[in-house]
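This report refers to the structure that appears directly beneath it.
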There are 2 protein chains.
Amino acid sequence: MSTDLVFTALADPTRRTVLDTVAARQGITATQLAADLPVTRQAVAKHLQVLADAALVEGERAGRETRWRATPAPLTDAIAWMANVGAAWDDRLAALERATRGRNGS
Amino acid sequence: MSTDLVFTALADPTRRTVLDTVAARQGITATQLAADLPVTRQAVAKHLQVLADAALVEGERAGRETRWRATPAPLTDAIAWMANVGAAWDDRLAALERATRGRNGS
DNA sequence: ACAAAGCGCAACCCATGAGTTGCATGACAC
DNA sequence: GTGTCATGCAACTCATGGGTTGCGCTTTGT
């Protein structure tokens, strides 16, 4: 489905760091994220938007700040694609596909 | 380690199609790949080079043609990263990490 | 009421990358 | 030996994307 958005979102190292941090510190804000990164808040905001388009994060406005939290479901699609590519000649990846199948969260 | 190269390689849709096709038809050549794609042979060759840099494919010269075949090992790293990000709040992804651990093929 | 904090939007650089054409080289067929 | 097929390399175009600055808006605190 939207595998393309997911892979695109994961392609950038800074964006992976953002996702990683959001996953570790749920409810973090863009300003807080930017404080630990060598980029501006606006750059972080853009990354969050890309991640949100891929449904990897979700933002909720709380007063004057926006709390971000990670939503892992789309990662399953990406893993499924990799497993499908690898399954033909690698049973280990086939096992991974088996682990994901039928449990796609929402 | 070289997770960056893997994610970058997987980011492009055409490149994913190339990898997909190479996985399905091991020993395929760049010219054959280009025949089924809306891009030129040189474009395919570039994609194959990127995939090779990420160690996702391997080319072997056989006479005047180069046979390409897929090598799945780096996908495990990518999956491991995703599983690590997701593991904190999603046990399904934690199960995936368990499935990959300790079996990193070469 | 006023100042500061946090955010979103828009315009703007600039580097990277996907794709192309052109050409030169090595291998196969006859 | 000559023509052809597949490849590799180089130069070039062009769009996309990561990053920035600047501004205006809403919310919070005093």
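Chain letters run A, B, ... following the sequence lines, proteins first, then strands; residues in each count from 1. Note that this is a predicted model, so its numbers are computed, not measured.
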> What string of B, S and - do you get for nucleotides 13-30 of chain D, 5' to 3', when a contact is any protein heavy atom under 4.0 Å?
Replying inline: -----SBBBB----BS--

> Taking a hydrophobic cluster as the set of Ile, Leu, Val, Met, Phe, Trp and Tyr residues connected by side-chain heavy atoms closer than 4.5 Å, whether directly or through intermediates, do W81(A) and I79(B) fall within one such cluster?
Replying inline: yes

> Just by modelled atom types, is the T29(B) backbone N or O under 3.5 Å from a matching donor or acceptor in the Q32(B) side chain?
Replying inline: yes

> Considering the options L33(A), V44(A), V39(A), L37(A), which one meets the side chain to side chain contact (heavy atoms under 4.5 Å, CB included) requirement together with T17(A)?
Replying inline: L37(A)

> Separation of L37(B) atom CG from dA18(C) atom P, in whole Å?
Replying inline: 14 Å

> For L33(B) and dA6(D), what is the distance between atoms CG and C1' respectively, to the nearest whole Å?
Replying inline: 13 Å

>> Go through it in stages, so that I can follow the logic: the residues are W68(B) and E58(B), the test is side-chain contact (heavy atoms from CB on, under 4.5 Å), and I'd like the CA-CA distance, side-chain angles, deciding distance and then a yes or no.
In response: CA-CA 6 Å; W68(B) 295 90; E58(B) 209 174 40; 5.9 Å; no

> Rounded to the nearest Å, what distance is computed from the CG atom of residue D53(B) to the P atom of nucleotide dA18(C)?
Replying inline: 12 Å

>> What is the distance, to the nearest angstrom, from the CG atom on L48(A) to the C1' atom on dG8(C)?
In response: 13 Å

>> Please evaluate residues V85(B) and M82(B) with respect to the criterion side-chain contact (heavy atoms from CB on, under 4.5 Å), reporting the C-alpha separation (whole Å), side-chain torsions for both, the decisive distance (0.1 Å), and the verdict.
In response: CA-CA 5 Å; V85(B) 167; M82(B) 296 188 202; 5.8 Å; no

>> Mind checking if A30(A) touches a base, just sugar-phosphate, or nothing, with heavy atoms under 4.0 Å?
In response: sugar-phosphate

>> Can you list everything that forms a salt bridge (charged side-chain N to carboxylate O under 4.0 Å, His left out) with D36(B)? Sequence neighbours excluded, please.
In response: R25(B)

